[in-house]
Amino acid sequence: MAVKVGFIGVGNMGNPMAGNILKQSFPMTVFDLNPKAMENLVQAGAAKAGSAGEVVDNSEIVLTSLPASPDVEATYLNAGGLVDRAKPGTILIDLSSVLPSTPRKIEPRAKARGVHFLEAPVSGGVSGARAATLAIMVGGDAEPLERARPVLRAIGPNIFHVGPVGAGNIAKAINNMMACVNSLAMMEGLAVGVKAGLDPMTVYEVVKASSGGSKALERIPRALIPRDFEPGFKVALMNKDLDTFTAIAKELHVPISFANVAQRYQQMALAAGLGEQDTSVVMTLIEQLAVTKVPQGKAGA
Ligand code: NAD
């Protein structure tokens, strides 16, 4: 009998991840504060719970994909939360990107009840979540990871056991800082190219075949030319991840510079009311500063 899986938080990332676990025939119970977010999963065979507690009552492995540390800490640690309510032996796995202090608070409370806890932040975006190609950065004990591996394997092939709890979210924050800096460098380069009269797809193709290439370039055909700023990955969440990175660096007395520059743009986007749009929307602010505009075309042009 396949292990019973619970999934709490089925937004932009959680929804396709839960869908891929369902496709592997794991019986699943889902919960999200937004009932609409669960609809497609219920149609695909998931049971809909009325609360997070109901999910943990019905599951041997529970996954959460929530916005930020306060949501995760409340869901796990409040009286009657996941840690209090889970049966001994249950494996709780948080896929959210949070401060390393969050999993470090949850794990000892879970262990005291005979409950396993792993952090497992992911990378690869919504497209990676849909394609089940996510990278998964696990922090915590090896034994529950081995038991949970078939479930995690349903969302991504690259499962890294980074170290004890906290280590996974440190790796994740490093990754997102680098992804954000790469994106900003690409957008500033593109603004110069467009203002100089270059075709944005020419910039894309040339740099992709050259030494300045990175995954950030894919935003040019996917989001910048079609001007599609639907999330994806929200500005507010990237800003939170840069907060995490700078907090880690500050605690370790590591001087950092690029994260601060990249975060300035996220702050500008938040101030402009763009926090719920995809991080690619920052291009519109750079365009205003540069008095230029990427010419609009079709998606994937
Ligand atoms: P999202 O806002 O689209 O989804 C979060 C979901 O959680 C929403 O549906 C919301 O209704 C639900 N929710 C919030 N609080 C809840 C609670 N207490 N109980 C039940 N449901 C609750 O965010 P997302 O983009 O899916 O991101 C989720 C996490 O994954 C974040 O930590 C984010 O940083 C991380 N992440 C996102 C991406 C991406 O590309 N979007 C990539 C990697 C990691």
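Please read all numbers here as calculations on a predicted model, not as lab measurements. Just follow the structure's listing: the first ligand is 1, and inside any ligand the first atom is 1.
- A salt bridge links E146 to R149: at least one charged side-chain nitrogen sits closer than 4.0 Å to a carboxylate oxygen.
- Between L184 and F258 the shortest side-chain heavy-atom distance does not fall below 4.5 Å.
- Short contacts between ligand 1 and S96, defined as distances under 4.0 Å to a heavy atom of the residue, involve ligand atoms 32 (O).
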Intermediate values then yes/no, side-chain hydrogen bond (donor to acceptor under 3.5 Å, both in side chains), S123 and N175: CA-CA 8 Å; S123 180; N175 175 76; 3.2 Å; yes

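- An N or O contact shorter than 3.5 Å is missing between K172 and ligand 1 by distance.
- Among protein heavy atoms, the minimum distance from atom 4 (O) of ligand 1 is reached at G11 CA, 3.3 Å.
- Annotation: L237 places no N or O atom under 3.5 Å from an N or O atom of ligand 1; distance criterion only.
- Atoms of ligand 1 lying under 4.0 Å from any heavy atom of V122, numbered from 1 in the order shown and given with element: 43 (C), 44 (C).
- The existence of a salt bridge linking E276 and K234 is confirmed by a sub-4.0 Å separation between a basic side-chain nitrogen and an acidic carboxylate oxygen.
- Looking only at heavy atoms of the protein, atom 29 (C) of ligand 1 is closest to L66 O, 3.3 Å.
- Residue, atom and distance of the protein heavy atom nearest to atom 18 (N) of ligand 1 are T75 OG1, 3.6 Å.
- Among pairs with a residue in residues 111-127, those fulfilling salt bridge (charged side-chain N to carboxylate O under 4.0 Å, His left out) read E107-K111, K111-D141, at least two apart in sequence or across chains.
- Scanning the protein for heavy atoms near atom 41 (N) of ligand 1, the closest one is G232 O, 3.0 Å.
- Comment: K48 does not engage E39 in a salt bridge, judged by the lack of any side-chain N to carboxylate O separation of less than 4.0 angstrom.
- For the side chain to side chain contact (heavy atoms under 4.5 Å, CB included) criterion with F233, the lone passing option out of D241, V126, N12 is D241.
- In this structure, the protein non-hydrogen atom closest to atom 28 (C) of ligand 1 is S65 OG, 3.5 Å.
- No side-chain donor-acceptor contact under 3.5 Å links K240 to the backbone of S69.
- Heavy atoms of K234 come nearer than 4.0 angstrom to ligand 1 in at least one pair.
- Every ring-ring contact (aromatic ring centres under 6.0 Å, His included) that F117 has, sequence neighbours left out, goes to Y76.
- At a 4.0 Å heavy-atom cut-off, ligand 1 does not touch A68 at all.
- If you check which protein heavy atom lies closest to atom 32 (O) of ligand 1, you get P67 O, 2.8 Å.
- Nearest to atom 8 (C) of ligand 1 among the protein's heavy atoms is D32 OD2, 3.5 Å.
- Residue-to-ligand polar distances keep A37 apart from ligand 1: every N/O pair is separated by 3.5 Å or more.
- On a distance-only criterion, L95 and ligand 1 share no N/O pair closer than 3.5 Å.
- Scanning the protein heavy atoms around atom 35 (C) of ligand 1, the nearest turns out to be S97 OG, 3.5 Å.
- Using a 4.0 Å cut-off between charged side-chain N and carboxylate O, D57 and R85 make a salt bridge.
- Atoms of ligand 1 found under 4.0 Å from any heavy atom of F31 (numbered from 1 in listed order, with element): 19 (N), 20 (C).
- Not a single heavy atom of A52 sits under 4.0 Å from any atom of ligand 1.
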